[in-house]
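For the single chain, residues carry numbers from 1 onward in sequence order. What you see is a predicted model; the values in this text were computed from it and never measured.
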Amino acid sequence: MKITVDQDACCGSGLCVIRADRVFDQREEDGVVMLLDEAPSPEDFEDVRAAAAGCPTGAIRLAE
């Protein structure tokens, strides 16, 4: 799995961090998503898929 994020599309909802905090974080100044691990371990796949599916702006993209 490879993850990309579109920081321009991010609205800073933070759902990705709630669902996959080992992979995503938010910038303190504006809440925009930061990708901590673009190739997470398989144990994080389910959480990352949930984060991408729940992103309100589609800012998270996955390639599997």
(Q) salt bridge (Lys or Arg N to Asp or Glu O under 4.0 Å), that's the test. Do Arg22 and Asp44 meet it? Break it down for me. (A) CA-CA 8 Å; Arg22 291 190 295 201; Asp44 292 322; 2.4 Å; yes
**Q.** Main-chain N/O of Thr4 paired with Glu38 side-chain donor or acceptor, under 3.5 Å
**A.** no
Q. Could you state the interatomic distance from CG (Asp37) to CG (Asp25), rounded to the nearest 0.5 Å?
A. 12.5 Å
Q: Taking the side chain as every heavy atom from C-beta outward, state whether Phe24 and Leu35 have any pair of such atoms under 4.5 Å apart.
A: yes
Q.
I'd like to check Cys55 versus Cys16 (side-chain heavy atoms, cut-off strictly below 4.5 Å). Are they in contact?
A. no
Q: Would you confirm whether Gln7, through its side chain, and Val32, through its main-chain N or O, come within 3.5 Å as a donor-acceptor pair?
A: no
Q. Are Val17 and Leu62 connected in the hydrophobic side-chain network, where two residues link if heavy atoms are under 4.5 Å apart?
A. yes
Q. More than 12 heavy atoms of other residues, nucleotides or ligands under 6.0 Å from CZ of Arg61: is that the case?
A. no
Q: Measure the SG-CG distance between Cys11 and Asp30 for me, rounded to the nearest 0.5 Å.
A: 11.5 Å
Q. Distance from Ile3 atom CD1 to Phe45 atom CZ, nearest 0.5 Å?
A. 8.0 Å
Q | Results of side-chain hydrogen bond (donor to acceptor under 3.5 Å, both in side chains) for Glu64 - residues two or more places apart only | A | Arg49
Q: To the nearest 0.5 angstrom, please state how far the CG atom of Asp21 sits from the CD atom of Gln26.
A: 11.5 Å
